Every structure is written in C-alpha cells, then in structure tokens.
Number of protein chains: 2
Amino acid sequence: MKLSDGVEWAIHCAMLLGALPAGATLSGKALAEFHGVAESYLLKHLKALAAAGILDSVTGPQGGYRLARPAERISLLDIVLAVEGDRPAFRCTEIRRRGPCALEDAAYPRPCGINTAMLKAEAAYRDALAREDLKSLSAGFAGTADPRFLALAQAWLSGNTRIPKS
Amino acid sequence: MKLSDGVEWAIHCAMLLGALPAGATLSGKALAEFHGVAESYLLKHLKALAAAGILDSVTGPQGGYRLARPAERISLLDIVLAVEGDRPAFRCTEIRRRGPCALEDAAYPRPCGINTAMLKAEAAYRDALAREDLKSLSAGFAGTADPRFLALAQAWLSGNTRIPKS
DNA sequence: GCAGTATTACTCGGATAGTCACTGTCCGAGTCGCTCCGG
DNA sequence: CCGGAGCGACTCGGACAGTGACTATCCGAGTAATACTGC
C-alpha cells in the first residue's frame, strides 16, 4: 500500500499554479525545474490532471498549464483520484465463493461484509481529502514558510510565468 | 494505490478462526483449502499475523493457528497493518527543499502542509478500520449468510478443527 | 502389560524465483511566435 | 512602412523500456504423535 510519488508532485505543482495570476501558465519544464524532478515523468502526471479537468493545457510556444477552476474548488481528493485512478484500494476478489463450501452465485445476494467495511474506511479517507482544498493549503503554507523562500519563489516565478495576451 | 490481496485473505482467515472454540486451531493447509487459495502464499501472511501478535502458531503434528486474543479485541486495522506494514501510504519526499529556491534544512522547521493533510486523511482511514472488530463482522456475517453455507462450513470445520488435549 | 526411546510424519519459518504495476524515458503531432518577402 | 505567408521552435500527447514491490514457491528446522523394543 504505497501511493505513487506522482501524487506529491502533482499537489505541489497544483499549489504553485494556484499562486499564479489568473490565466497565467507555467510550462511543464518550468514546473519540473522548480521542484527538482524529472520533466518527462512529471508530464505524465500533468497530463492525467489535464485529462481529469483539473488543469488546462495550452500548447505551442509560450504554452503551459494553468488551473482549470479556482483553487478553492480543487480538493486534494480531485488530484489524488486523477493521478492514482478512482478505483478503490481494496478490491474484493470474492474468495468467500470459493473452496469446498461454495454455493451458486445467487446464494450471495448481499455484498461481502469485509468489502463493505473496507470501502467504508476508504470513504472516510476520501472525505478527509475532499475537505482539504488548494486555497486553504496555500494560505497555511504562505503563513508559515520562510520569508526568504517566498521572495525567491516570487522572483523565480516572475521570470517563468507566461501571461497570454488575449 | 492497491492493497495487497493478502489483506483480504488474512481477514477471512481471522474471521474463520474466530468462529472456532477457544483454544482450537486450524492448519495453514486447511485455511488455504477452505478459501481456495495457494497454501504456500497464505502461510506468508499468516506468519506476518503471528509476528504481529494477532495469531498464535502451534507447531508440529495437529498444530495450526488460533487467535491470540478474543475476536472483539482484534480490529481490521490490526490485520491491515500486520500484512501491509505500518508505514503510511503517503511518504513525503520533501521536494519542497529541492530546486532553485531551496534553502538550508534549518529553514523548514514545520512539517510540509501537504504531508500533514495527507497523513490526517490516512488517520481517518485508520480510525475507521480500528472501529471494525472481528466480533461485529462475524455477527453481521452470521446474520445474513445463506443457511446452507453455515451448515456446510460447520460440517467442514468439525472435520478439520484441532483441539489440543491440554 | 508397561515404560522408555527412536522414528516418523506433519507443521510452521525463512530464503528463493516470477510477474505486474509503477517509474522513467523517448519521439511525434500540433500550435504560436518570429522572420522574411512582397506590395 | 505595412500586411501576409512561410518557417522554425517550442509545447503537450501518446507509445516504449527499466525497476521495485507484490505474488508465488520451495526446502529446512522443530515438534508431537506413533510405533517399537526391552523389561
């Protein structure tokens, strides 16, 4: 039970994109450089975020990625599901229907109680993630981060942000 | 983010062991046969449960496994952690300290907010699992299962249960 | 017939290969900006 | 000097290898029941 490292990357990228002016974009190359990760692999996850409707992608020169909707409407759950997929972590293989005491399928009208319990716990997990939105995370981060970092990041962003003329 | 199939196997085995008289055991071979899974691989997980103190193992002929404590004191969380390990699913790699805006380690006195949020959600997941104990699951199962299955299982158990003389 | 002992068969435990998903990477399709040319 | 077409370079998108964790398996250590032998 290990989450993909891409989840962490995607959340950090989304938070950074949330700090940009409305409509501005950052290229995948810039996002990779800022976080010190491989560009080729990061693109894989950014693509997933775009496919899920969390990011908008702009092609061509001066293109890049931007949030598809306001940061307060993007939750951690949205990002986790986009990167990891929406299939539950626990997948019941119905072993109760196997072995010497197995009956025909019609004898199991109710779902497996173990599966129900595991999915209920996973629902609690998802609810907790759904309650965390990018806006709140960014606010908490800005309030506790080292001022020097904020200044450095602001300077770096000013040299890498693309603002379309339209 | 996929849980090991062994989790499902382990929970089913623990529930079956909980249905036995106090002190009685079932061999790994019997548990594997009842659930229709590979014995060799199931033993791997049973060993983990024994190492975690959830099961007691009895070696030698007429040996097997039994619950190490009453079913109402064994939660799904205990089993999941024993099989999957107690490391959190989300592991922060501190990418915030990388890239062109990185500072020295002393500049990050607080834990990463993203990590905090992810771990909080995972805590909710674990709390939900901790609330589900084997006794309640077994009761719910016995109340909804097909009567024919219960009879078959009882007959099968009577032929495979080992009760030590001591 | 009984006690003691060696045997034996059965059990769990740890170390060892195989397979799938995640990780990491590459090249191609598409698009915008820039340059050059003509008017 | 201005407009337009062509070119070029940069961007994202999808398809292709490499690695680690889970899956599956085997053989060895240990133990209790059993059969045998001697008394």
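Just so you know, these numbers come straight off a predicted model, no measurement behind them. Computed from heavy atoms alone, side chains included, the values below leave out hydrogens, waters and symmetry copies. Residue numbers start from 1 in every chain, and the chains themselves are labelled A, B, ... in the order their sequence lines are given, proteins ahead of strands.
- Note: CZ (A/Arg162) to P (C/dG33) measures 11 Å, nearest angstrom.
- Between B/Asn160 atom CG and C/dC10 atom P the separation is 15 Å, expressed in whole Å.
- B/Tyr41 places its OH atom 12 Å from the C1' atom of C/dC20, with the value rounded to the nearest Å.
- In this structure, A/Tyr65 places its OH atom 4 Å from P of D/dG13, rounding to the nearest Å.
- Side chain of B/Tyr65 to backbone of B/Leu17: no donor-acceptor contact under 3.5 angstrom is found.
- Of the listed nucleotides (D/dC12, C/dT23, D/dT23), D/dT23 has the atom at the smallest distance from the side chain of B/Ser4.
- Regarding A/Glu39, its CD atom lies at a distance of 12 Å from the P atom of D/dC10, rounded to whole Å.
- Distance from the side chain of B/Lys47 is smallest for C/dG13 among the nucleotides D/dC10, C/dG24, C/dG13.
- A/Cys13 is listed as a side-chain neighbour of A/Leu42, based on a closest heavy-atom distance under 4.5 Å.
- The B/Lys2 side chain lies nearest to D/dT23 when the options are D/dT23, C/dC12, D/dA9.
- Under the 4.5 Å side-chain heavy-atom criterion for ILVMFWY residues, a single connected hydrophobic cluster contains both A/Leu3 and B/Ile114.
- A/Ser57 comes within 4.0 angstrom of the backbone, heavy atoms only, and of no base.
- Distances were taken from every side-chain heavy atom of A/Ser40 (C-beta onward) to each of C/dC26, D/dA24, D/dC12; the shortest belongs to C/dC26.
- To the nearest angstrom, P of D/dC12 lies 11 Å from CD of A/Gln62.
- Residues B/Glu39 and B/Lys44 are not paired through a salt bridge, judged by the lack of any N-O separation under 4.0 Å between the basic side chain and the carboxylate.
- Among the protein residues, B/Lys44 comes within range of the nucleic acid bases, having at least one heavy atom under 4.0 Å from a base atom.
- B/Asp5 has its CG atom 12 Å from the C1' atom of C/dC20, to the nearest Å.
- Ranked by how close their nearest DNA chain C nucleotide is to the 5' end, A/Val58 and A/Leu3 are led by A/Leu3.
- For the pair A/Lys120 and B/Glu132, the salt-bridge criterion is met [side-chain N within less than 4.0 Å of a carboxylate O].
- Heavy atoms of B/Thr59 sit under 4.0 angstrom from primed sugar atoms or phosphate atoms, though from no base atom.
- Rounded to an integer number of Å, the gap from CG of B/Leu43 to P of D/dT23 is 15 Å.
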